[in-house]
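As the structure is a computational prediction, the values presented were derived from the model and not from experiment. Labels below follow one simple rule: chain letters A, B, ... track the order of the sequence lines, proteins then strands, and each chain is numbered from 1. All values below were derived from every heavy atom in this structure, side-chain atoms included, with hydrogens, water molecules and symmetry-related copies excluded.
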Amino acid sequence: MHISIIGLGNSLLGDDAAGIYVCERLAERRLHLDAAIDMRNICSQGLFPEYVEDVSGADLVVFIDAAVRADSGVGARCGLLRSLPPAQHSVAEGGGLESKCSLSGSLFHESQQVAVDGHSGFQFRRIYHEEIMAETSASPHSTPFHGLSLFHFLRLCKEVYGRLPADIWLYTVAAQDFTPFRGLSDGVREACEGVICELFIKLVGKI
Amino acid sequence: MKETLKPHSNTLTIEPVTRIEGHGRITLHMDENGEVVDALFHVTQFRGFEAFCVGRPFYELPGILSRTCGICPVSHLIAGAKACDDLLAVEIPPVADRLRKIMHLAQILQSHALSYFFLSAPDLVHGMDGDVEKRNILGVAEKMPELAKRGILLRKTGQSIIELLGGRRIHPTWVVPGGVASPLAQEAKDAILAMLPPAKDAVLQTIGWHKGVVENFYREIQAMANFPSLYAGLVNRKGYARHYDGRIRFMDSNGNVIQDHVEPRQYARFIEEAERPWTYMKFPFYRPFGEDGGMYRVGPLARLNVADGLGTPLADRELQDFKGMASEPIRASFHYHWARLIEMLYAIEKIELLLNDPNILSKHVRSVASPNRFEGVGVVEAPRGLLIHHYRIDENGLVTGVNLIVATGHNNFAMNRGILQAARVFVRGERIQEGMLNAVEAVIRCFDPCLSCATHAFGRPRLQIELVSPDGMVVDSLSS
């Protein structure tokens, strides 16, 4: 099984490095999975065309990106997911955040939110092939210099190589602080560890 | 990004200019008959790297200044390292010299691939008047997936070579003053060599395709920055093009070499920079001819024009074909695209030659010294043309001054003139269509400008705000 893990962000810009952090930690711990999974880790500041071939050949691709707003689930580097309204959140008893799926039948049926400190956390979304075509048809312009949007990137996979990974996952980690050279804030680091744990569980389940 | 047209009096604004690197604006000034009388290319972003590098230790500059750009950071890194070599007054080990060349050529490969396949191919595939919704990389992929695939392969090849050498694709720090940080590993050498044959095939196929399709763009060839100018590029003693080293050659529009073998340190004798209040990008010109007659072009077209050859068999064959179009230097900026393809072919061939050097795996890759000069200059041919880094330091090795003359800047006069030329052909005030405006933008894309690189301060940064009355009179102004 071929899995591509793509961590997006800039390691110099505080919590923007969340995707990079997760991707690097997964690469360090990959030995546990190597026997069953061909896992390729890419850490990048954006979704560039040169990754298209690798991703299109994967069975599963996982994108990990920092989210600009805690409640948006929108990746800072992946671009706006226009047709997907943000998940609604409420403060649960005990002070944590939990996600409420806002679409019936929903693209969010697997959404999760892990409370860390009342502000940070992460969301999981599964991206469906139909969404990709719909999104890119609605917004055909793309700018490859600083990275394609997530949907344009996936559409390019489809158009050029004729296939998409069967499973496409997106994790967004709610960022708190993009101040340069600060490193990850504590809450975001915890959220990243949560992503890693969940990913391991999911990946083991895929074997 | 959606283009917006803002009719304002007799001015037409194209903002943003799309499919270029950075942020720019074009204004077209029309007379009462709707004829374009003037055209200005404004670079509206500002970055002040020269200022905040002052006071830093000199050896930090290659790394800092490579952050100017995410497309051509390797060129800045190498030009900066060469300026530092000059400060140290060292010759770097021969293997380090070759390894730097390989990384630099890989960057030219990936950058040209991005420009050709992702930014300009949409126009070549769909035409200037084609459906705007299709004029992007997805539109190329839909109509010609094999072409898009070749673009992806070539970009990936260049980026992968950079990563194999420098540990990362963007902003590697492997090139250092005195050489490179680590030797080449056998596995990396083998991996790079394995990538080259398919990349070479991809370029050759694309050159063949381009030669067929370029005939469909006769009007664009004639009208897009097609005029006499000077040309500048690096050549070696034999007159062959050089991208990493060499000396500057200036050629006139008739093919006469007007100045040859200019040492990097002498650049200021031949290049002067003008400013305009409406843009952050400087206007370099050939000093001996003055501002009015000193417009020159750099980059792939200029490099092929000034060079007597490239030095690799397939690229030289294509160069001969290219130069066979005219008895004089090629004036049509539309042929920058073709020139880019030939340079990609050269880069692949040259990387192969350099890798097959028997000493390429040598461990001696860095010379060590303390500063021996207070002034250092590094010059390379970045993908878009001549790139000059000039540093001054004090006795403690701290930077007292930085000047960068960036490839895109050299082309500034030519780009502005080219926009005017194209606008006069393609734009009519009474009948403005999107395809016309795309044609004007496409002039800029011929040059593949990198505006992020090109907006450095010269002297005191200038920002002027003007309050203009409805009748066009400036009633108040404020300058920084």
| message | Looking at A/Y161, I'd like to know if its OH atom is crowded, meaning that more than 12 non-hydrogen atoms belonging to other residues, nucleotides or ligands lie closer than 6.0 Å. | response | yes
| request: Against chain B, label A/L12 side chain, backbone, both or neither, depending on which of its atoms sit under 4.5 Å from a heavy atom there. | output: side chain
| field | Pairwise distance CD(A/Q45) to CZ(B/R168) - rounded to 0.5 angstrom | value | 7.5 Å
| field | Minimum heavy-atom distance between B/I152 and A/P49, given as atom pair plus value | value | CG2-O, 3.5 Å
| field | Residue among B/K149, B/E142, B/K143 satisfying side chain to side chain contact (heavy atoms under 4.5 Å, CB included) with A/E159 | value | B/E142
| Can you tell which of B/G139, B/G151, B/A141 has the highest number of heavy-atom pairs within less than 4.5 Å of chain A? | B/A141
| task | Flag yes if more than 12 heavy atoms outside A/R163 fall under 6.0 Å of its CZ atom; otherwise flag no. | result | yes
| message | Are B/K156 and A/D54 packed together at the side-chain level, in the sense that at least one heavy-atom pair is separated by less than 4.5 angstrom? | response | yes
| query | Taking atom CD1 of B/I170 and atom SG of A/C43, what is their separation to the nearest 0.5 Å? | reply | 12.0 Å
| note | So OG of A/S11 and NE2 of B/H171: to nearest 0.5 Å the spacing works out to 11.0 Å
| query | Got A/E50 and B/R169 here, is their nearest side-chain heavy-atom distance under 4.5 Å? | reply | yes
